[in-house]
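Down below is the structure, laid out as structure tokens.
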Amino acid sequence: LSYLIPGLVAMSSMNNSYTWVANALNLNRLYFKTFQVLVQAPIRPSAIMIGEVLAGMVKGLFASGLILIVGIITARDLSITPLFVLTLLLNCFLFANLGVITGMITKSHEDTATYNNFFILPMAFFGGTFFPVDRIPEPLRGVIWVFPLTHTNVAIRQSSIDVSGLVSLGILLLYAIAFFIIGSRLIRNYSE
């Protein structure tokens, strides 16, 4: 349980932060047409982006919090360090940004599920959530290290910051910044 709970927290924060934002944005854009009103408001695209991302982060943190409560009750040696909390927040931020990107580029609600099936689901199972990445066959290991969730799982299990934890945090931060910039540009250039 001490290995599994942090991985489940990382996976849950990823899945909920991403899915809630991607689905809501897609539905608001294509079906309810409420996103068009939001874009016409006199606010900057980055402010819209921040609002969408924070909403996704709250949903991801709520789901992760429920798993943490169960983990604290069941796993005796589960430790929640400042690095754990920082990694969890960064993971929610990163995947909420990715949810904005997906919500903005999809052309139908079915496309959102396709992105989930081809990107989010493989990360959940092969990104170190249930078993260590070093147990994956060597040819696939290079691909697995590209996944942001792999780096979340490395950093969230660290008791203190070491070189691998710093590298993983740095990679997560780069993904988060890149996704935020891309999402903000997609909102700024939006016209439908």
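Below, each value reflects all heavy atoms present in this structure, side chains not excepted, and no hydrogens, waters or symmetry copies. Fair warning: this is a prediction, and the values are worked out from it, not measured in the lab. Sequential numbering from 1 along the given sequence is applied to the chain's residues.
Between the R29 side chain and the G103 main chain, a donor and an acceptor come within less than 3.5 Å of each other. With hydrogens and angles disregarded, no donor-acceptor distance shorter than 3.5 Å links the side chain of N116 to the backbone of T112. Side-chain N or O atoms of N97 include one that pairs as donor or acceptor with a backbone N or O of F93 at under 3.5 Å. S184 contributes no side-chain N or O that, together with a main-chain N or O of I181, makes up a donor-acceptor pair within less than 3.5 Å. With T150 contributing its side chain and V146 its backbone, the two residues share no donor-acceptor pair below 3.5 Å. With hydrogens and angles disregarded, no donor-acceptor distance shorter than 3.5 Å links the side chain of H109 to the backbone of L27. Side chain of E52 to backbone of V21: no donor-acceptor contact under 3.5 angstrom is found. When atom types are taken as modelled, the side chain of S17 and the backbone of F95 share no donor-acceptor pair closer than 3.5 angstrom.
Two residues are said to be in side-chain contact when any heavy atoms from C-beta on lie closer than 4.5 Å; L186 and Y190 fail this criterion. The closest side-chain heavy-atom distance from I136 to F131 is below 4.5 Å. Side-chain contact between L68 and F84 is present, with heavy atoms from C-beta onward closer than 4.5 Å. Looking only at side-chain heavy atoms (C-beta outward), S168 and I171 stay at 4.5 Å or farther from each other. Side-chain contact between M11 and F125 is absent, with no heavy atoms from C-beta onward closer than 4.5 Å. Between Q158 and S164 the shortest side-chain heavy-atom distance falls below 4.5 Å. By the 4.5 Å heavy-atom criterion applied to side chains, F62 and N16 are not counted as neighbours.
When all heavy atoms of S12 and A63 are compared, the pair lying nearest together is OG-CB, 3.4 Å. When every heavy atom of A75 is checked against every heavy atom of L1, the shortest pair comes out as CB-CB, 3.9 Å. Closest of all the heavy-atom pairs between R157 and G128 is NH1-O, 2.8 Å. Closest approach of S2 and D77 over heavy atoms only: CB-OD1, 3.1 Å. Of all non-hydrogen atoms in R141 and V133, the two that sit nearest each other are NE-O, 3.7 Å. Minimum interatomic distance between L173 and L90 (heavy atoms only, all atoms of both residues): N-CD2, 3.9 Å.
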Inset, instruction - Applying side-chain contact (heavy atoms from CB on, under 4.5 Å), run through S160 and T81 and close with a yes or a no. - result: CA-CA 8 Å; S160 63; T81 63; over 6 Å; no

Legend entry - Check against side-chain contact (heavy atoms from CB on, under 4.5 Å), I50 and F180: CA-CA 9 Å; I50 290 169; F180 185 83; 3.9 Å; yes

Inset, instruction - Tell me, with the steps shown, if W145 and V154 meet side-chain contact (heavy atoms from CB on, under 4.5 Å). - result: CA-CA 10 Å; W145 282 108; V154 167; 3.7 Å; yes

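Grouping Ile, Leu, Val, Met, Phe, Trp and Tyr by side-chain contacts under 4.5 Å, direct or through others, puts I73 with I69.
One side chain, N91 or T152, offers a donor N or O that lies under 3.5 Å from an acceptor on the other.
Linking ILVMFWY side-chain heavy atoms closer than 4.5 Å, directly or via other members, places L86 and I5 in a single hydrophobic cluster. Follow the hydrophobic side-chain contacts under 4.5 Å out from L4 and you reach L88 in the same cluster. Residues L61 and I67 fall within the same hydrophobic cluster, defined by Ile, Leu, Val, Met, Phe, Trp and Tyr side chains chained together at heavy-atom separations under 4.5 Å. By the criterion of side-chain heavy atoms lying less than 4.5 angstrom apart, applied directly or through intervening Ile, Leu, Val, Met, Phe, Trp or Tyr residues, I105 is grouped together with L94 in one hydrophobic cluster. A continuous path of ILVMFWY side-chain contacts below 4.5 Å connects V163 to L169, so both sit in one hydrophobic cluster.
Put simply, SG on C92 and CG on L54 are 11.0 Å apart, with the number rounded to the nearest 0.5 Å. To the nearest 0.5 angstrom, N15 atom CG is 10.0 Å from M123 atom CE. Taking OG1 from T19 and CD1 from I120, the interatomic distance works out to 6.5 Å, rounded to the nearest 0.5 Å. Distance CZ/F35 to CG/L25: 5.0 Å, rounded to 0.5 Å. In this structure, the separation between CG on L8 and CD1 on I156 is 10.5 Å, given to the nearest 0.5 Å. The OG1 atom of T102 lies 8.5 Å from the CZ atom of F179; values are rounded to the nearest 0.5 Å.
The 12-atom threshold is exceeded at NZ of K33, counting heavy atoms of other residues, nucleotides or ligands nearer than 6.0 Å. No more than 12 heavy atoms of other residues, nucleotides or ligands lie within 6.0 Å of CZ in F118, so this atom counts as exposed by the packing criterion. No more than 12 heavy-atom neighbours from other residues, nucleotides or ligands sit within 6.0 angstrom of CZ on F126.
Note on ring orientation: taking the six-membered ring where Trp is involved, the planes of Y115 and F119 are parallel (angle under 30°, cut-offs 30° and 60°).
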